[in-house]
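The block underneath contains the structure these notes are about, expressed in structure tokens.
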Amino acid sequence: MVSSLKKGAVTASAPAKVILFGEHFVVYGEPAIALAIDKRAYAHAQLRKDKRVYINSADMHVSGTFMGERFQAAKGGSKARAKLEPVKSAIQQVLEKAQKKVGVNVQINSDIPVSAGLGSSAAVATSTIVAVSQLLGMELPRNQIFRMAYESERLVHGTPSGIDPAISTYGGSLQFQRGKDFVPLNVQANIPLVIGNTRVERSTGDLVANVRRIREHYSSIIDPIIKAGGKIAVDAVEALRQNDLRTVGDLMNINHALLCAVGVSHEALERLVYAARKGGALGAKLTGGGGGGCMIALPEEKKLKQVMKAIERAGGTAFMARKTDVGAQVES
Ligand code: PMV
């Protein structure tokens with residue numbers, strides 16, 4: 001491994017994700033499918049003359065300097081430290097790996113809406129790891145970038161499934177199943193998506209706990225629903241490989257109905273999902289934890305704008321997204 005100090009600055013980026021199929025059911029061992037989308041977080045890293053670590057996140061509106069155990073906020077007041085700690089952890093892991101006692105400035109800019117279930121924190125951690133390691137002259141293998149980003153994610157989510165840092169690191173589409181390795185899906189289809197954000201805040205942890213509660217009470221009803229969710233993901237892989245977007249859309253609609261059945265939809269999500277379908281989407285469903293957050297719609301190419309407008313008229317913020325195969329990378 002090369003480990004000389006590089007002069008100047010490095011910018012790296014990493015993509016956001018959507019869960020296309022299988023959220024929540026994945027907690028019970030069923031497969032889930034996630035896609036990297038063409039919204040990215042960018043980390044710009046520079047060496048400092050001292051040993052401090054300064055981080056500025058434009059999108060989280062926080063900045064501050066870590067000096068050993070101490071922290072001084074420059075922007076964002078008392079909340080700044082907790083928000084920047086995962087980025088600091090990402091930087092720290094790289095500095096330790098490089099065995100370099102140096103300071104860095106990291107500037108984070110991102111196209112990814114925060115706290116919306118689109119994997120923003122993982123993309124920030126992953127791009128930071130790539131930028132800082134390259135700055136220090138290290139070419140980290142992807143599995144190491146993933147492991148470091150996963151460690152940093154643990155500070156945000158406690159026990160993350162790992163799907164967010166995996167997608168941010170590798171890009172493309174992945175099948176994920178508990179206790180098994182990620183399987184890259186090698187989907188060639190250029191999947192046009194519209195993402196609608198309800199801007200309703202929610203806690204993924206609470207929603208996961210609610211599903212657990214109803215499953216405990218009604219296991220003979222809920223278990224077959226969970227199994228059906230897994231079967232949808234399996235069938236969806238085939239439909240995606242065949243570029244059969246009509247089937248993918250149908251499966252999205254069925255998947256959404258099952259997620260409603262286990263109690264993780266929300267009236268704001270329903271409004272956007274129905275508006276998207278009425279606007280011409282082949283399928284629409286909530287994505288991620290549910291209870292608010294985001295939904296995704298799959299329109300035919302020619303109806304992309306129409307579906308986006310329909311979601312906006314129903315009260316959501318909407319943007320178009322496409323699958324990207326570009327995982328974490330150096331930009332300059
Ligand atoms: O809201 P997100 O994108 O963090 O997705 C959560 C996905 C769940 O299946 C609901 C939980 C999990 O850990 O897999």
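We count ligands from 1, going down the list as the structure has it; atoms in each ligand are counted the same way.
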- Query: What do the steps show when you test Lys323 against Asp325 for salt bridge (Lys or Arg N to Asp or Glu O under 4.0 Å), and what is the final call?
  - Reply: CA-CA 7 Å; Lys323 174 172 86 71; Asp325 290 326; 2.9 Å; yes

- Query: Mind checking whether Arg202 has a heavy atom under 4.0 Å from ligand 1?
  - Reply: yes

- Counting both backbone and side chain atoms, is some N or O of Gly289 under 3.5 Å from an N or O of ligand 1? yes

- Numbering the atoms of ligand 1 from 1, which are under 4.0 Å from a heavy atom of Glu23? 9 (O)

- atom 13 (O) of ligand 1 sits nearest the protein heavy atom Ser161 CB, 4.2 Å

- Looking only at heavy atoms, is any part of Glu30 under 4.0 Å from ligand 1, and if so is it the side chain, the backbone, or both, or is it neither? neither

- Message: Could you identify the single nearest non-hydrogen protein atom to atom 14 (O) of ligand 1 and state the distance to 0.1 Å?
- Response: Val26 CG1, 3.4 Å

- Identify, for atom 7 (C) of ligand 1, the protein heavy atom at the shortest distance, and state residue, atom and that distance. Ile19 CD1, 3.8 Å

- Taking atom 11 (C) of ligand 1 as the reference point, the nearest protein heavy atom with its distance: Val208 CG2, 4.0 Å

- Message: I'd like to know whether CD of Glu331 has more than 12 heavy-atom contacts from other residues, nucleotides or ligands below 6.0 angstrom.
- Response: yes

- Item | Heavy-atom nearest neighbour in the protein, as seen from atom 4 (O) of ligand 1, with distance rounded to 0.1 Å | Thr204 OG1, 4.0 Å

- Query: Quick one: nearest non-hydrogen protein atom to atom 8 (C) of ligand 1, plus distance?
  - Reply: His24 N, 3.9 Å

- No-hydrogen, no-angle side-chain donor-acceptor test under 3.5 Å, Glu270 and His256: yes

- Query: Using 4.0 Å as the upper bound for N to carboxylate O, is an ion pair formed by Glu312 and Lys309?
  - Reply: no

- Query: Would the number of heavy atoms belonging to other residues, nucleotides or ligands and lying under 6.0 Å from CG of Asp181 be above 12?
  - Reply: no

- Task: Taking only Lys NZ, Arg NE, NH1 and NH2, and the carboxylate oxygens of Asp or Glu, determine whether Arg212 and Glu216 approach each other closer than 4.0 Å.
- Result: no

- Query: Honestly, is Arg147 close enough over Tyr150, meaning NZ or CZ under 6.0 Å from the six-membered ring centre and within 45° of the axis?
  - Reply: no

- How far is atom 3 (O) of ligand 1 from its nearest protein heavy atom, and which residue and atom is that? Lys17 NZ, 2.8 Å

- Message: Between Val132 and Tyr54, is there shared hydrophobic-cluster membership here, with clusters defined by ILVMFWY side-chain heavy atoms closer than 4.5 Å?
- Response: no

- The protein heavy atom nearest to atom 12 (C) of ligand 1 is Val27 CG2, 4.1 Å

- Query: N/O of Gly117 under 3.5 Å from N/O of ligand 1, yes or no?
  - Reply: yes

- Task: Could you check whether the rings of Phe182 and Phe146 sit parallel, tilted or perpendicular, using 30° and 60° as the cut-offs?
- Result: perpendicular

